[in-house]
Protein chains: 2
Amino acid sequence: MTRPTENTAANRILVGDCIQLMSQMPAGSVDMVFADPPYNLQLSGELLRPNHSRVDGVDEEWDRFSDLPTYDRFTRDWLGAARHALKDDGTLWVIGSYHNIFRVGSILQDLGFWILNDIVWRKSNPMPNFKGRRFTNAHETLIWVAKSREAKYYFAYEAMKNLNEELQMRSDWTLPLCTGAERLRGEDGQKAHPTQKPEALLYRVLLAATRPDDLVLDPFFGTGTTGAVAKQLRRRWIGIEREHEYARLANARIAAVEELAEPELVDVPARRTQPRVPFGHLVERGLLKPGTNLFDQRRRVIAKVRADGTLVAQNHLGQHSGSIHKVGAAVQGLPACNGWTYWHFQEGKSLAPIDVLRQKVIAEMH
Amino acid sequence: MTRPTENTAANRILVGDCIQLMSQMPAGSVDMVFADPPYNLQLSGELLRPNHSRVDGVDEEWDRFSDLPTYDRFTRDWLGAARHALKDDGTLWVIGSYHNIFRVGSILQDLGFWILNDIVWRKSNPMPNFKGRRFTNAHETLIWVAKSREAKYYFAYEAMKNLNEELQMRSDWTLPLCTGAERLRGEDGQKAHPTQKPEALLYRVLLAATRPDDLVLDPFFGTGTTGAVAKQLRRRWIGIEREHEYARLANARIAAVEELAEPELVDVPARRTQPRVPFGHLVERGLLKPGTNLFDQRRRVIAKVRADGTLVAQNHLGQHSGSIHKVGAAVQGLPACNGWTYWHFQEGKSLAPIDVLRQKVIAEMH
DNA sequence: CGAGTTGCTGAATCCTGAG
DNA sequence: ACTCAGGATTCAGCAACTC
């Protein structure tokens, strides 16, 4: 399924100031924003390892802000511009550390964003604390927000559960740092960018909060991890980056990425989006004849199917009739019930839930 | 080593407003503050579990604030009063969730506190997300601060390392919720306080940032977990609590605590939680790309990897999709199957079980 | 007595499309 | 904007109970 390309200029890097460039984008044109802004690390002096080698910390000009109000103003400005570009039902992710994430989180709330989760990226291989004066700083924090409390955001619940072997995905993710072959290096062998994020992190973010062909915007593109993973997963992307050199590296990197040849492999199934099949259709189609008996799993309750797709049942609580859900709830004395899984029909000698008939109908619809 | 008792009234609960009472305390009289303030959860309506039972959410008067500015003002006021009571070389801890922790962190920085770490309490048994609309909210955040950038705070580096099997203690702590016998209950069997923290959490906090006989202040004392653990570890404590009933329960609880005869014997090894690696993580990490073919040992069955870590396969029994285990079972017509050993990937000219990839990931996690 | 089953609960910002 | 109804949705730990 392709989405309208309100934004013509997808799959490219804009070089320039992200506040200005996002403000110029059409309002509400982007499905998701992923942002890895400067952390304002406030490192003082240099840090030496026990063997006296120097730790190559972040000391770039783009990470220096004169004070907290300056950082706050910058944060309000770029988040406001991102809000402009974001669709009303889109979501936004920001990653940060304790140096900046509390400023970011507060400002997100002040701007009207609605927090869905804070996510902890638990690093399996963090840098140790060389001085032994604090706990090893072994995680970073992502904040995931919708544009408002009422927004109908997208969340690939089933895909996340599948990724996690049938257990709900939690708010803490254990992933290694970006090292080895994945880490982009310059011709001198030095790392090309000091804060390159692992592709596995973006993989999970994009799979969780976008559909294929969705448009993803990254205003602090750096060496283009977001674009590389978006291309692989067949999402459209726009990157904004201030420095030509990073943009050049990112373009080369993304050009080398192969997108998945078979689109159906990235279109992960979701129960929620299946077409609705009323129970009556099964009766119309003759999959269940009027007069058929339905049972609960233990055959303690019997209901009869009527021609219009309603049920009638009788037990010690009285006589009940209505939809499969209403009658299922009534015979159990519960406020609600999923009739598709509660009611069973005779199949040979055993019972099968009526949901298998619905699945059969859904399968025929493809 | 005993410290001067500048503050005579130790080891007791003050009933009243913590802002007022902390302001009246002698300036710089407290070695450490631990605070578990209201989170301002802003819950609306009721939440039902899949079995239709009601979730007993926090709905106490003390957690209701009219808006964010009101919550911010409250936070600034109590943190300011705590700062007054805290020694210049003392430290302060605050625990919270995404609802409030960003407000707290920002205000801490605004007041001149210096962040030493943010700590993630990773809950081993959190409440699930019943509606499947977000990631399971499986952690809370603690912020640990000194009074200023220059302060000479105390950190028990060696004790923390010993607690963690000779490895540096990281900024993420895996601990269970407070349940079972530890949870205080009223005569009706209901929980006495909706947000009682586990003693193990306070144990680690107090061991990390205080010495024996240090004075610990908890301005939101509740049922007195901080006091109970402080007494056990031979720290002095002051609790402030607004509600008489909580104070009464806390007093009875702490009276029953025995302090350790030999504090140096409190070395409890941290349980290293054994890593579980879902198949989907191999896909995220790029060890197996979506679209890759997997085979049984004799290459008679082929399955394809999807982006969410599920497989699709087809044979004479039909088309199957789902987890590596489910599909492995289905293609063999068996009730169960260990997908890790059944499925193989192409490695050079031969096949290797996908379990070797899992072992690689597990090895990285140590 | 042990093994297996059922039930309860925890700081929760928890549905959605049709009419 | 609203209502109404279909029907989707849970993990770990502990305690109590059954067989």
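Toward the 5' end of DNA chain C, the nearer of the two residues R276(A) and N40(B), judged by each one's closest nucleotide, is N40(B). Of the residues near DNA chain C, H193(B) and G132(B), the one whose nearest nucleotide (by heavy atom distance) lies more toward the 5' end is H193(B). With DNA chain D read from its 5' end, the first of the two nearest nucleotides for E166(A) and K326(A) is the one closest to K326(A).
Put simply, W114(A) rests on the base of dT13(C): the two rings are less than 5.5 Å apart at their centres and nearly parallel, under 30°.
The separation of dT10(D) from dT6(C), taken at their C1' atoms, amounts to 16 Å, rounded to a whole angstrom. Separation of the C1' atoms belonging to dC14(C) and dG10(C) is 15 Å when rounded to the nearest angstrom. For the C1' atom pair drawn from dA15(D) and dA11(C), the interatomic distance equals 23 Å after rounding to whole Å. Taking atom C1' on both dC1(C) and dT18(D), the two are 13 Å apart, rounded to the nearest angstrom.
Annotated as anti: dT5(C), whose glycosidic dihedral deviates from 0 by more than 90°.
Per the geometry, CZ belonging to R185(B) stands 10 Å off C1' belonging to dG10(C), to the nearest Å. Distance, N51(B) CG to dT9(D) P: 15 Å, rounded to whole Å. Between the P atom of dA1(D) and the NZ atom of K152(A) lies a distance of 11 Å, rounded to the nearest Å. If you measure from atom CZ of R134(B) to atom P of dC14(C), you get 5 Å, rounded to the nearest angstrom. Taking atom NZ on K131(B) and atom P on dC14(C), their separation rounds to 10 Å, with Å as the unit. Rounding to whole angstrom units, CD of residue E140(B) and C1' of dT13(C) are separated by 14 Å. The CD1 atom of I324(A) sits 8 Å away from the C1' atom of dG7(D) (whole-angstrom rounding). One atom, CD of E182(B), and another, P of dA15(D), lie 12 Å apart when rounded to the nearest Å.
Looking at heavy-atom distances under 4.0 Å, P126(B) makes contact with a base. Heavy atoms of G322(A) sit nowhere under 4.0 angstrom from any nucleic acid atom. Among the atoms of the strands shown, only primed sugar atoms or phosphate atoms (P, OP1, OP2) are found under 4.0 Å from some heavy atom of K161(A). Using a 4.0 Å heavy-atom cutoff across all strands shown, Q274(A) reaches no nucleic acid atom at all. Using a 4.0 Å heavy-atom distance criterion, P198(B) is classed as making no nucleic acid contact. Base engagement by I115(A) is indicated by at least one non-hydrogen atom pair under 4.0 Å involving a base atom. Across all strands shown, Q42(B) has heavy atoms under 4.0 Å from base atoms, whether or not it also approaches the sugar-phosphate. In this structure, S323(A) reaches the sugar-phosphate backbone alone: every heavy-atom distance under 4.0 Å involves primed, P, OP1 or OP2 atoms, never a base. At the heavy-atom level, E150(A) lies nowhere under 4.0 Å from the strands shown. D118(A) comes within 4.0 angstrom of nothing in the nucleic acid, heavy atoms only. Across all strands shown, R358(A) has heavy atoms under 4.0 Å from sugar-phosphate atoms exclusively, and none from any base.
For K191(B), the side-chain atoms get nearest to dG10(C) when compared with the rest of dA11(C), dG10(C), dC14(C). When each of dG6(D), dA11(C), dA12(D) is scored by its nearest atom to the side-chain atoms of T195(B), the top-ranked nucleotide is dA11(C). Candidate nucleotides dA12(C), dG7(D), dA11(C) were compared by shortest atom distance to the side chain of A336(A), and dG7(D) ranks first. Comparing dG6(D), dG10(C), dA12(C) against the side chain of H99(B) picks out dA12(C) as the nearest. Distances were taken from every side-chain heavy atom of L47(B) (C-beta onward) to each of dT6(C), dT9(D), dA12(C); the shortest belongs to dA12(C). Side-chain proximity of N338(A) to the nucleotides dG10(C), dT9(D), dT13(C) is greatest for dT9(D). Taking every side-chain heavy atom of W62(B) into account, dA11(C) is the closest of dA11(C), dA12(C), dA8(D). Of the candidate nucleotides dG6(D), dT9(C), dT9(D), dT9(C) has the atom lying nearest to any side-chain atom of R49(B). Comparing atom distances between the P50(B) side chain and each of dT10(D), dA12(C), dG7(D) picks out dT10(D) as nearest. Nearest to the side-chain atoms of N125(B) among the listed nucleotides dA8(D), dG13(D), dA12(C) stands dG13(D).
Looking at heavy atoms from C-beta onward, R103(B) lies out of side-chain contact with I101(B) at the 4.5 angstrom threshold. The shortest distance between side-chain heavy atoms of F155(A) and M160(A) falls below 4.5 Å.
Remark: side-chain polar atoms of E60(B) are not paired, donor with acceptor, to backbone N or O of W62(B) under 3.5 angstrom. Although no hydrogens or angles enter the test, the distance criterion places a donor-acceptor pair under 3.5 Å between the side chain of Q168(A) and the main chain of N129(B). Side-chain atoms of H139(A) do not come within 3.5 Å of backbone N or O of D172(B) as any donor-acceptor pair.
Around the CD atom of E166(A), the shell of radius 6.0 Å holds more than 12 heavy atoms that belong to other residues, nucleotides or ligands.
Relative ring orientation between W144(A) and W93(A) is described as parallel, the plane-to-plane angle staying below 30° on a 0-90° scale split at 30° and 60°.
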Given salt bridge (charged side-chain N to carboxylate O under 4.0 Å, His left out), test E199(B) with R253(B) step by step and report yes or no.
CA-CA 12 Å; E199(B) 294 192 3; R253(B) 171 188 185 181; 2.9 Å; yes
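dG7(D) makes up no base pair with any nucleotide shown, lacking Watson-Crick or G-U wobble contacts both under 3.5 Å. The partner of dG19(C), taking Watson-Crick or G-U wobble pairs whose two distances both stay under 3.5 Å, is dC2(D). In this entry dA12(C) has no Watson-Crick or G-U wobble partner, no candidate having both defining distances under 3.5 Å.
R358(A) and Q274(A) are not linked by any side-chain donor-acceptor pair at a separation below 3.5 angstrom, with hydrogens and angles left out of the test.
One finds no side-chain N or O of Y154(A) lying less than 4.0 angstrom from the OP1 or OP2 phosphate oxygen of dT16(C).
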